Peer 1: 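Got a structure here, written out as C-alpha cells. Questions coming.
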Amino acid sequence: MKEVIIATKNPGKAKEFEHIFSPRGITIRTLLDFPDLPEVEETGSTFEENAILKAETVSRALNKMVMGDDSGLIIDALGGRPGIYSARYAGEPKNDENNIDKVLSELTHVPKEKRTARFYCALALAVPGQETFTVSGTCEGEILEEKRGKNGFGYDPIFFLPEIGRTMAELTSDEKNKISHRANALKKLDAELDSLLERGDNHV
Ligand SMILES: O=P(O)(O)OP(=O)(O)OP(=O)(O)OC[C@H]1O[C@@H](n2cnc3c(O)ncnc32)[C@H](O)[C@@H]1O
Ligand SMILES: [Mg+2]
C-alpha cells in the first residue's frame with residue numbers, strides 16, 4: 001500500500017490532501033491517526049521552518065517518511081499578518097470564525113484596491129536518513145468585507161479570487177485543489193514523492 005503521513009491535526013488540510021492523493025492510489029494518514037505522538041511546537045520564524053519542524057519531529061518519532069504543511073494568510077495592508085500566526089490569530093483555542101472577525105475588523109477602513117493578500121503554503125518532506133526537501137506555493141487574492149461560501153476551511157470565506165469571481169469557500173474541493181497554495185506547492189514535490197513511493201522508501 002502506498003501511504004503518505006501528513007504531520008497535521010487540521011481536518012481541513014487532511015481532507016484536501018486526501019482528495020489530491022486518493023485518485024493516485026495513495027492513502028494518507030495524519031496525526032489524528034497517531035493520538036499518542038507529542039505535540040509539535042511551531043517555534044520557527046518562517047513557514048518553511050515550521051513545516052520542517054512538523055515533518056522531521058514526526059518522521060523521527062515514527063521512522064517513516066512524513067510531510068509537514070505550514071501555511072497561512074499574508075495580508076499586504078496588515079504588513080503581512082496574520083502570516084505564520086494565522087491559525088491562532090484571535091488567540092487560543094484556535095477558531096476560524098474569530099480569526100476571520102479579527103481580520104475583517106482590522107481591515108474595516110481599508111479600501112478594496114488595498115485589500116490584496118495571498119495564501120502561502122510551505123511543505124517539507126522528511127525521509128529517514130535523507131535531507132529534508134522543502135517547497136512552497138502561493139495563491140493570490142483579495143480580502144472581502146464579509147464572508148461568502150461554506151466550503152473549505154480557515155480564511156476561505158473571505159478570500160476572493162478576482163479571476164474566478166468567487167471566494168475560496170465558493171469553490172468545490174476539486175476546484176480549490178487545482179489552484180490553491182497547497183496544490184501549487186505539492187506540484188513541486190510530485191516528482192520527488194513519486195520516486196520515493198516507487199522505491200518503497202516510505203517504510204510502510
Ligand atoms: O499545524 P497543523 O496541525 O497542520 O494545523 P494548523 O491549522 O495549526 O495549521 P498551520 O499551523 O499551518 O496554520 C495554518 C492556518 O492558516 C490558515 N490556512 C492555511 N491554509 C488555508 C486554506 O487553504 N484555506 C484557508 N485558510 C488556510 C488557517 O487558519 C490555518 O489554521
Ligand atoms: Mg499549526
Side-chain angles (χ1 to χ4, degrees), residues 4-20 28-35 37-59 66-75 78 80-104 117-126 134 136-144 147-161 166-186:
V4 176
I5 297 169
I6 321 272
T8 183
K9 285 188 178 166
N10 180 320
K13 284 187 193 177
K15 214 169 128 203
E16 288 181 17
F17 281 112
E18 196 177 304
H19 253 101
I20 292 170
I28 67 141
R29 290 213 277 172
T30 68
L31 299 188
L32 304 170
D33 301 312
F34 300 96
L37 286 183
E39 198 74 28
V40 180
E41 299 285 343
E42 296 179 30
T43 53
S45 56
T46 61
F47 292 109
E48 278 76 11
E49 282 174 19
N50 283 330
I52 292 169
L53 276 172
K54 293 177 192 185
E56 290 188 346
T57 309
V58 176
S59 178
V66 173
M67 187 185 292
D69 169 316
D70 199 64
S71 42
L73 179 62
I74 297 169
I75 301 176
L78 299 181
R81 280 186 284 121
I84 60 167
Y85 305 110
S86 292
R88 288 167 184 76
Y89 195 46
E92 295 276 2
K94 75 177 177 193
N95 179 289
D96 290 344
E97 298 300 311
N98 294 348
N99 289 340
I100 287 178
D101 289 345
K102 179 166 177 182
V103 161
L104 290 182
R118 66 208 52 80
F119 276 125
Y120 190 99
C121 175
L123 294 178
L125 189 63
T134 46
S136 65
T138 59
C139 179
E140 299 286 331
E142 293 163 12
I143 306 300
L144 288 187
K147 293 184 277 188
R148 273 173 49 179
K150 297 272 176 240
N151 303 332
F153 68 97
Y155 298 91
D156 283 343
I158 55 168
F159 191 86
F160 183 71
L161 299 147
R166 282 182 278 163
T167 67
M168 203 70 122
E170 292 175 314
L171 302 185
T172 64
S173 47
D174 279 345
E175 288 170 328
K176 179 175 176 184
N177 287 334
K178 284 200 181 84
I179 57 120
S180 78
H181 47 311
R182 187 159 294 108
N184 289 335
L186 207 50

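Everything quoted here is computed from the prediction, not taken from an experiment. Because only heavy atoms are used, hydrogens play no part in the values below, and waters and symmetry mates are left out as well, while side chains stay in. Atoms within a ligand are numbered from 1 in the order they appear, just like the ligands themselves.
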Peer 1: Quick check: do I6 and K13 have side-chain heavy atoms less than 4.5 Å from each other?
Peer 2: no

Peer 1: Suppose I only count heavy atoms of T8 and a 4.0 Å limit; which atoms of ligand 1 are within that range?
Peer 2: 2 (P), 3 (O), 4 (O), 5 (O)

Peer 1: Can you tell me if G72 contacts ligand 1 (heavy atom of the residue under 4.0 Å from the ligand)?
Peer 2: yes

Peer 1: With distance as the sole test, does N99 use its side chain to make a donor-acceptor pair with the main-chain N or O of A87 at under 3.5 Å?
Peer 2: yes

Peer 1: Would you check, one step at a time, whether the test side chain to side chain donor-acceptor pair (under 3.5 Å) holds for T172 with D174?
Peer 2: CA-CA 5 Å; T172 64; D174 279 345; 5.4 Å; no

Peer 1: Do any N or O atoms from the side chain of N177 and from the backbone of I20 form a donor-acceptor pair under 3.5 angstrom?
Peer 2: no

Peer 1: For ligand 1, is there an atom lying under 4.0 Å from some heavy atom of E42?
Peer 2: yes

Peer 1: Return the option from M168, K13, K176, K94 holding the heavy atom at the smallest distance from atom 22 (C) of ligand 1.
Peer 2: K176

Peer 1: I'd like to check M168 versus I179 (side-chain heavy atoms, cut-off strictly below 4.5 Å). Are they in contact?
Peer 2: yes

Peer 1: Where the side chain of D156 meets the backbone of F153, is there a donor-acceptor pair that is under 3.5 Å apart?
Peer 2: yes

Peer 1: Relative to each other, are the rings of F119 and Y155 parallel, tilted or perpendicular (30° and 60° limits)?
Peer 2: tilted

Peer 1: Quick one: do F17 and D69 satisfy side-chain contact (heavy atoms from CB on, under 4.5 Å)? Show the steps, please.
Peer 2: CA-CA 10 Å; F17 281 112; D69 169 316; 3.5 Å; yes

Peer 1: Measure the distances from the heavy atoms of N99 to every atom of ligand 1 and state whether one is below 4.0 angstrom.
Peer 2: no

Peer 1: If we only count heavy atoms from C-beta on, is the L161 to L171 side-chain gap below 4.5 Å?
Peer 2: yes

Peer 1: Flag the pair S173 / K15 as yes when at least one side-chain heavy-atom distance between them is below 4.5 Å, and no otherwise.
Peer 2: no

Peer 1: Show me which atoms of ligand 1 lie under 4.0 Å from any heavy atom of D70.
Peer 2: 10 (P), 11 (O), 12 (O)

Peer 1: Please walk me through it: do E48 and Y120 pass side chain to side chain donor-acceptor pair (under 3.5 Å)?
Peer 2: CA-CA 10 Å; E48 278 76 11; Y120 190 99; 2.5 Å; yes

Peer 1: Among all protein non-hydrogen atoms, which one is nearest to atom 14 (C) of ligand 1, and what is the separation to 0.1 Å?
Peer 2: S71 O, 3.0 Å

Peer 1: Applying a 4.0 Å heavy-atom criterion (strictly less than), which segment of F119 is in contact with ligand 1: side chain, backbone, both, or neither?
Peer 2: side chain

Peer 1: What's the shortest distance from atom 20 (N) of ligand 1 to any protein heavy atom, and which residue and atom give it?
Peer 2: R182 NH2, 3.0 Å

Peer 1: Hey, does D69 sit under 4.0 Å from ligand 1 if you only count heavy atoms?
Peer 2: yes

Peer 1: What is the nearest protein non-hydrogen atom to atom 29 (O) of ligand 1, stated with its residue, atom name and distance?
Peer 2: Y155 CE1, 3.2 Å

Peer 1: Starting from atom 24 (N) of ligand 1, find the nearest protein heavy-atom neighbour and note its residue, name and distance.
Peer 2: D156 OD1, 2.7 Å

Peer 1: Given side chains that start at C-beta, do those of F160 and I143 come closer than 4.5 Å, heavy atoms only?
Peer 2: no

Peer 1: Tell me whether K54 contacts the main-chain N or O of T8 through its side chain, where contact means a donor paired with an acceptor under 3.5 Å.
Peer 2: no

Peer 1: Is there at least one pair of N or O atoms, one from E16 and one from ligand 1, spaced under 3.5 Å apart?
Peer 2: no

Peer 1: When you measure from atom 25 (C) of ligand 1 to every protein heavy atom, which one gives the shortest distance, and what is it?
Peer 2: F153 O, 2.9 Å

Peer 1: So how many protein N, O or S atoms does the Mg ion (ligand 2) have within less than 2.8 Å?
Peer 2: 1

Peer 1: Identify the two heavy atoms, one from N50 and one from G44, that lie closest to each other, and give their separation to 0.1 Å.
Peer 2: OD1-N, 2.7 Å

Peer 1: Can you pull out the closest protein heavy atom to atom 1 (O) of ligand 1? Residue, atom name and distance to 0.1 Å, please.
Peer 2: K54 NZ, 2.7 Å

Peer 1: If you measure from atom 13 (O) of ligand 1 to every heavy atom of G83, A87, C121, A169, which option wins on shortest distance?
Peer 2: A87

Peer 1: Looking at D70 and A122, would you say the former's side chain and the latter's main chain have a donor-acceptor pair under 3.5 Å?
Peer 2: no

Peer 1: Give the numbers and elements of all ligand 1 atoms closer than 4.0 Å to a heavy atom of S86.
Peer 2: 15 (C), 16 (O), 29 (O)

Peer 1: Quick one: nearest non-hydrogen protein atom to atom 5 (O) of ligand 1, plus distance?
Peer 2: N10 CB, 3.4 Å

Peer 1: Nearest to atom 3 (O) of ligand 1, what protein heavy atom do you find, and at what distance?
Peer 2: K9 N, 2.8 Å

